[in-house]
Amino acid sequence: MGVELTTTRLENAAEWAKQSKLARIPEWGRKFSLFSYPFVTACCGMEFMSVAAPKYDIARFGAEFPRFSPRQSDLLMIVGTITEKQGPALKRVFDQMAEPKWVLAFGVCASTGGFYQNYHAMPGADQVIPVDVYVPGCPPRPEQVLDALILLMERIQDGRGHSQLRTKREGLIREQADEPGPR
Amino acid sequence: MSQKVLDALTAALPHAVDRTESSHGDEVAWIKRESLVQVATYLRDDPAMLFCSPVFCTCIDRLDWHPVKVNSMDPPPPKAWTEDQPRFEVCYQLRSIKHRTRIRLKIAVPEHDPRCPSLSELWAAFNWQERETFDMYGIRFDGHPDLRRIYLYEEFVGYPLRKDYPKEKRQPLVRRDDLPINPLKRDGSEGL
């Protein structure tokens with residue numbers, strides 16, 4: 001056993017890396033370089049600007065770089081009310097993001113619909129896409145958002161994000177079916 | 001404030017004006033539905049009127065509406081929308097920049113025949129406002145060039161600002177497949 005672990009043969013090294021802390025390195029890298037896509041629809045956007053601006057400075061956590069294309073981002077921040085009419089657009093934006101991806105619902109409207117309980121507002125963005133972290137507040141304080149971001153980073157490190165779990169689940173299903181797939 | 005506008009309108013077109021009233025400093029003229037375009041043309045073009053600015057167009061749903069009871073011993077008021085008091089009131093607010101006057105035109109529209117002449121040919125700005133009124137209340141504007149929903153989607157059924165629309169009824173376009181309660185999959189499509 002000991003001899004196998006210290007060997008430098010490639011196939012054994014790959015097997016060893018999967019079981020050890022080396023496997024945590026991709027997640028470690030991902031959690032400190034979240035590229036966010038701000039899906040800003042309403043007044044919470046002002047608070048998002050505050051989070052992003054130097055006073056609260058989301059850059060301290062490595063998520064300072066908003067991409068204006070969902071294809072280049074891995075954190076979807078839903079900032080504001082989502083209406084039923086917007087649902088297809090939101091789903092499309094989410095589908096365009098590359099795996100792995102995470103979603104943060106910013107404010108009560110994005111989380112539950114907030115005080116809009118009527119014909120036009122969607123009762124939470126999670127009706128359309130899976131949401132990883134919900135931030136309550138109308139609007140939330142910037143500290144809450146940073147707290148949620150740290151929560152999300154822990155979750156990314158542990159591989160507990162929705163898309164990570166989905167990838168894992170699909171891998172297990174593929175393994176059981178004994179089909180060769182991507183890693 | 002501009003009672004003289006109401007007086008001049010009543011004098012010029014007596015057959016078209018049902019009655020006039022003033023409330024909270026705003027002059028209101030109740031117009032017969034069939035002569036609305038005639039009244040509006042007069043208000044726009046007559047040199048004594050010159051109502052050049054269309055302010056808004058909207059509708060009031062008088063379902064469940066009761067006048068305020070002054071005395072608690074008064075008998076309960078009758079249902080507000082009867083034959084002589086139809087359910088909908090279409091409102092047009094106009095302003096004259098030249099003469100600094102305002103006027104509000106109201107047209108009574110019954111529930112069984114929700115139609116009203118369109119004023120978008122006279123003031124182009126009423127085009128979208130009438131579409132919004134149609135979207136929310138279902139008033140058909142006769143002569144409107146493009147009467148479609150403006151805010152809601154084509155799949156929406158009903159008119160949400162009518163008082164008899166269920167206030168929390170949603171009509172979703174898209175939902176996740178794995179929702180425990182999925183209104184798109186439920187039979188009868190009652191919504192949430």
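In the text below, chain A, chain B and the rest are named by the order of the sequence lines, each starting its count at 1. Keep in mind that what you see is a predicted model, and the values were worked out from it rather than measured.
In this structure, OH in A:Y119 is found 5.5 Å from CG in B:L152, a value given to the nearest 0.5 Å. Rounded to the nearest 0.5 Å, atoms NE2 (A:H120) and CZ (B:F156) are 10.5 Å apart.
Linking ILVMFWY side-chain heavy atoms closer than 4.5 Å, directly or via other members, places B:W123 and B:V39 in a single hydrophobic cluster. With hydrophobic clusters built from ILVMFWY side chains whose heavy atoms lie under 4.5 angstrom apart, A:I156 does not share a cluster with A:F94. No single ILVMFWY cluster, assembled from side-chain heavy atoms under 4.5 Å apart, contains both A:M46 and A:V79.
Other residues, nucleotides and ligands contribute only 12 or fewer heavy atoms inside 6.0 Å of the CZ atom of B:R95. No more than 12 heavy-atom neighbours from other residues, nucleotides or ligands sit within 6.0 angstrom of CZ on A:F65. The local environment of CZ in A:R60 is crowded, with over 12 non-hydrogen atoms from other residues, nucleotides or ligands closer than 6.0 Å. The environment of A:R92 atom CZ is sparse: at most 12 non-hydrogen atoms of other residues, nucleotides or ligands sit within 6.0 angstrom.
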Audit row: B:R170, A:Q117, side-chain contact (heavy atoms from CB on, under 4.5 Å) steps and yes/no: CA-CA 9 Å; B:R170 297 185 173 91; A:Q117 300 295 326; 3.3 Å; yes
Worked verdict on A:E84 versus B:R175 for salt bridge (Lys or Arg N to Asp or Glu O under 4.0 Å): CA-CA 10 Å; A:E84 293 290 358; B:R175 282 292 186 261; 3.0 Å; yes
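With a 4.5 Å cut-off on non-hydrogen atoms, A:L90 does not touch chain B at all. When heavy atoms are compared at a cutoff of 4.5 Å, A:K91 approaches chain B solely by way of its side chain, counted from C-beta outward. Heavy atoms closer than 4.5 Å to chain A are found in the backbone of B:Y151, but not in its side chain.
Here the closest non-hydrogen pair linking B:V174 and A:V128 is O-CG2, 3.6 Å.
Formation of a donor-acceptor pair under 3.5 Å by the B:R176 side chain with backbone atoms of A:D126 is found in this model.
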